[in-house]
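Naming convention: chains lettered A, B, ... in sequence-line order (proteins, then strands); numbering from 1 in each chain.
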Number of protein chains: 2
Amino acid sequence: MADALFPAPLNEVKAELFKSLGHPVRIRVLELLSASPTVSVAEMLAATGLEASHLSQHLAVLRRQNLVIADRRGSQVFYTLAQPAVADLLKSARKLLVDILQANQLNLQQSVADATSRGAE
Amino acid sequence: MADALFPAPLNEVKAELFKSLGHPVRIRVLELLSASPTVSVAEMLAATGLEASHLSQHLAVLRRQNLVIADRRGSQVFYTLAQPAVADLLKSARKLLVDILQANQLNLQQSVADATSRGAE
DNA sequence: TTATGGCTTGATGGAAACATAAAGTCATCA
DNA sequence: TGATGACTTTATGTTTCCATCAAGCCATAA
């Protein structure tokens with residue numbers, strides 16, 4: 001498709017990728033798919049408690065970005081991650097969040113220590 | 001259950017992180033900071049050609065998310081990545097994009113091959 | 001003190017994303 | 001065949017994001 005043949009500047013492609021990950025429902029779906037390789041829409045509905053059309057909208061976003069693959073078997077639809085690297089990216093994000101949280105806690109402790117050592121304000 | 005491993009609140013935090021990366025200008029800034037540890041606003045303006053206020057808005061987003069740190073020295077402001085893991089995340093995203101592009105090209109080739117082998121339509 | 005340079009913040013109209021509901025598709029069952 | 005179940009797509013009002021411009025710091029120079 002034209003998307004693949006005429007890619008936008010790399011920064012925009014990358015931004016689009018991140019944008020497509022910028023919603024809690026879509027993160028949840030990708031986490032489910034990271035935990036078990038194939039998940040049906042019915043299972044996702046059960047796991048998330050969402051309304052079908054709502055979930056489906058978000059699945060469409062992930063499909064358009066080629067992050068997941070849909071496979072219809074009979075009347076059910078099964079999803080898988082299009083690439084293992086999707087799970088790696090989520091893992092990378094998780095690590096970053098941990099690092100940020102730790103740094104913030106250290107900063108907080110440091111601020112308290114500083115304030116204490118020169119008399120609280 | 002996946003619930004225990006990936007609690008819902010964390011998904012929202014993660015989504016916020018990705019959302020903050022979902023803009024070409026912010027990606028560009030983070031890549032500049034990945035390439036050289038400290039970059040002044042003046043240098044970013046030169047590198048991007050943006051209007052000062054526009055860049056500043058995006059820097060504010062990155063600061064709020066604790067992805068970058070601002071350090072004022074005299075009248076200039078210097079930025080650094082708040083965590084090395086930010087650069088790792090970008091690298092991870094780059095790899096994913098490459099994988100996706102390669103998969104799409106393979107699919108395209110396969111489609112062409114299939115069509116050819118049964119007579120083009 | 002006023003002025004200037006370097007950035008940030010606030011305000012605003014327009015574009016994109018979101019949640020919900022209605023309608024549509026496709027496969028299976030009666 | 002018609003009906004039902006499992007999803008997806010379309011349509012909608014609402015919220016959020018974005019680019020632009022005006023105004024507001026803060027530090028240095030005059």
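As a whole-Å value, the separation of B:Gln57 CD from D:dA23 P is 16 Å. Look at NE2 on A:His58: it is 11 Å from C1' on C:dT20, rounded to the nearest Å.
Annotation for B:Leu32 and B:Ala47: closest pair CD1-CB, 4.0 Å, computed over non-hydrogen atoms. In this structure, B:Ser20 and B:Val61 approach most closely via the heavy-atom pair CB-CG1, 4.1 Å.
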Going by atom type alone, with no hydrogens or angles, which donor-acceptor pairs under 3.5 Å involve a side-chain atom of residues 79-94 of chain B and a protein atom two or more places apart or on another chain?
from	atom 1	to	atom 2	distance (Å)
B:Tyr79	OH	B:Arg63	NH1	2.6
B:Arg94	NH1	B:Glu31	OE2	2.9

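Toward the 5' end of DNA chain C, the nearer of the two residues A:Val25 and B:Ser40, judged by each one's closest nucleotide, is B:Ser40. Taking for each of A:Glu51 and A:Arg26 the nucleotide of DNA chain C with the nearest heavy atom, the 5'-most of the two is the partner of A:Arg26. Nearest-nucleotide positions on DNA chain D place A:Ala70 closer to the 5' end than the other of A:Ala70 and A:Lys19.
Heavy atoms of B:Tyr79 sit under 4.0 angstrom from primed sugar atoms or phosphate atoms, though from no base atom. Counting non-hydrogen atoms under 4.0 angstrom, A:Arg63 reaches the backbone sugars and phosphates but no base.
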**Request:** Would you write the dot-bracket representation of DNA chain C, where each base gets (, ), [, ], | or . depending on whether it forms a Watson-Crick or G-U pair under 3.5 Å and with which partner?
**Result:** ||||||||||||||||||||||||||||||

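Neither OP1 nor OP2 of D:dC21 sits under 4.0 Å from any side-chain N or O of B:His54.
Side-chain atoms of B:Ser75 stay outside donor-acceptor range of the base of D:dC26, with no qualifying N/O pair under 3.5 Å. No hydrogens or angles were tested; on distance alone, nothing pairs the side chain of A:Gln76 with the base of C:dT28 as donor and acceptor under 3.5 Å.
Of the candidate nucleotides D:dC7, C:dG6, C:dT20, D:dC7 has the atom lying nearest to any side-chain atom of A:Ser56.
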